[in-house]
Amino acid sequence: MIAHDILIIGGGLTGLRAAVGLCDRFDVGLVTKVYPLRSHSIAAQGGINAPLANNPESRDDTWEKHSFDTVKGSDYLADQDAVELMCREAAPIVYEMEHWGCPFSRFPDGTIAQRPFGGAGYPRTCYSADITGHVLLNTLYERAVAKGVRVYPEWVVTSLCVEDNRCHGVVVLDMHSGELIPIRAGTTFFGTGGYGRVFANSTNALINTGSGIGMAYTAGIPLKDMEFVQFHPTTLIGTNILMSEACRGEGATLLNNQGERFMGRYAPTAMELAPRDIVSRCIQTEINEGRGFDHPLGKYIELDLRHLGEKRIKERLTGIRNICLDFVGIDPVKEPIPIMPGQHYSMGGIDVDIQGASEVQGFYAGGECACVSVHGANRLGGNSLLDTIVFGKLAALAITEEIAGGGRRQPDEKPLLRLRNEVEAKLKRLAAPGREKTAILQQEMNATLFAKAGIFRIAKEMEEALAKVLELKERYRHCGVTSPARHMNYELVAALEMEYMLEVAHTTVLGALLRQESRGAHYRNDFPSRNDRDWMKHTIARRGPDGDPVISYREVTVTRYQPMERK
Ligand SMILES: Cc1cc2nc3c(=O)[nH]c(=O)nc-3n(C[C@H](O)[C@H](O)[C@H](O)COP(=O)(O)OP(=O)(O)OC[C@H]3O[C@@H](n4cnc5c(N)ncnc54)[C@H](O)[C@@H]3O)c2cc1C
């Protein structure tokens, strides 16, 4: 049996940062279902927030101001101690990445360039043109390779092994050999990313299934705030590829079919740079009220960059221009971009504390699969890249301290071998001809969640969505794959992950249905106001004995920022 002191699942920014922080002292293995550089982190465009005060307009920016913006942006659901910690760490972590060789864009004076982003009081988003995730991920991957981190690429984790409140490791499917392999570890860390692909119209990579989240939940670890799902205002019509907030940060405007810059009616001060939840709802309202444009693929609104000029567009938004040329044949220098809101980010996730620790011994998580919570009900642009690197680093420190303090655990082989046999039986079941196909189930789940638990929510539709999820769970039991082969069988992997996606969908819809208020990205037509008296609390979903989620609530940590109305 393969064994490591510490096993990291995920080759995105979170997993790599944790690995880099641990590999000098421990034997670390890193498992990822795609090559690390294909993780969704690579797609991040706009930037990473830190109060460096480099921009002439942000000279008096501080971590306290960054914290306030984050708490306010979260609609007061974020835990304020966690936010303060993240914002204090922001500047040091950006400088650390710079010193490790990350090529940030620069101001003429040589300092790291910063641009304005939505919901931020100052221009504090550090960037590298519109490929910030690309440069950060390459920097961390190079460092991990240089330090000799053992990577197992294209190994899919199928199950997490927890027994007697202790984590013993995971079972993986090696896609190359088709073998099922148990891996034993004293500490397991998940940096498995978000659950965007549970929804239709997502900006996320197809690999963002949220299977890590569903897996932790199935193993008995609770999830937090799953109903909070971010919809990004500007995604390309048809493919939903992200048109970064950097477009609006650089000055792009939004126009309806009357040629009106409609944000003036909704958010006269912040205009296009109001927070994402608000701009998404404004765009969807314009479309719903007949002021969108028609397209064979749906209704859209225009994102206009033309006034920025060719030079600036080509310099600062190169990737955006190329995507528009390649996918819709439009040059944003000459024509507005057709956009619609799409699913973008998972605020909820595995319930962990500010050190990334869960309630199960030896199991940690960080980044988008986890909920600390620093984003609360709505994440600000540029705060997620920050979250991944900060909490990847802090978890590595916490794990190091725990082991130094005598907490090194001897994981047990027996539960892992038992789990391996269970997965083997599951694979055999899936290989038998079944009357249902995972791809069809996924399509139905995607469409239902986007339409009925999406940007606007109402009890009746969420009840229908819940009934649909239960129906899909039942039908999943009859799923079979076309080929029984285990080697590079993506249909088999999709079938394995579908079980977990349905758990994610279930906890998301149930949490949303029960939360009778509107807060951040969770907007209820039937409860349009925020209700601090009853709902300043996190939703905790735990898998009950019959397999259904059992919901409880936990108070939000408030330090210095008392809730105010968010306009
Ligand atoms: C298009 C786009 C643009 C964005 N732009 C920005 C931005 O400008 N600024 C910002 O702050 N945020 C941005 N975000 C959000 C941010 O990029 C992500 O939240 C962040 O990169 C997530 O990093 P992660 O390390 O948590 O997970 P990921 O980068 O998603 O990595 C997940 C890893 O887990 C592995 N994995 C998952 N499941 C399994 C399994 N079952 N078995 C084995 N391995 C598994 C995958 O192989 C992968 O390596 C953007 C997101 C998108 C989609």
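Predicted model only: the values in this text are computed from it and were never measured. Remember, it's 1-based here, ligands and their atoms both numbered in the order they're listed. The chain is numbered in sequence order, starting from 1.
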Residue-level breakdown please: for [X] versus ligand 1, do any non-hydrogen atoms fall below 4.0 Å on the side chain, on the backbone, on both, or on neither?
| X | result |
| --- | --- |
| T32 | both |
| Q45 | backbone |
| Y345 | side chain |
| S211 | side chain |
| N383 | backbone |
| R379 | side chain |

Which residue and heavy atom of the protein sit nearest atom 44 (N) of ligand 1, plus the separation: K33 N, 3.0 Å
For atom 3 (C) of ligand 1, closest protein heavy-atom neighbour: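 Answer, as residue, atom name and distance: L242 CD2, 3.2 Å.
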Look at [atom] and find which of [options] reaches it with the closest heavy atom.
| atom | options | value |
| --- | --- | --- |
| atom 23 (O) of ligand 1 | G349, S41, G12, G381 | S41 |
| atom 4 (C) of ligand 1 | G191, A44, G249 | A44 |
| atom 40 (C) of ligand 1 | L386, L380, V157, T235 | V157 |
| atom 50 (C) of ligand 1 | H344, Q230, H375 | H344 |
| atom 25 (O) of ligand 1 | I9, T14, V156, T203 | T14 |

Interfacing atoms of ligand 1 (cut-off 4.0 Å, heavy-atom, S39):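 Matching atoms, with element in brackets: 29 (O), 31 (O), 48 (C), 49 (O).
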Test: R88 and E84 ion pair at under 4.0 Å: no
Verdict with reasoning, H375 to Y345, per ring pair (Phe, Tyr, Trp, His ring centres under 6.0 Å): CA-CA 10 Å; H375 309 301; Y345 183 80; 5.5 Å; yes
Criterion side-chain contact (heavy atoms from CB on, under 4.5 Å) against L16, the qualifying member of L37, L140, T388: L140
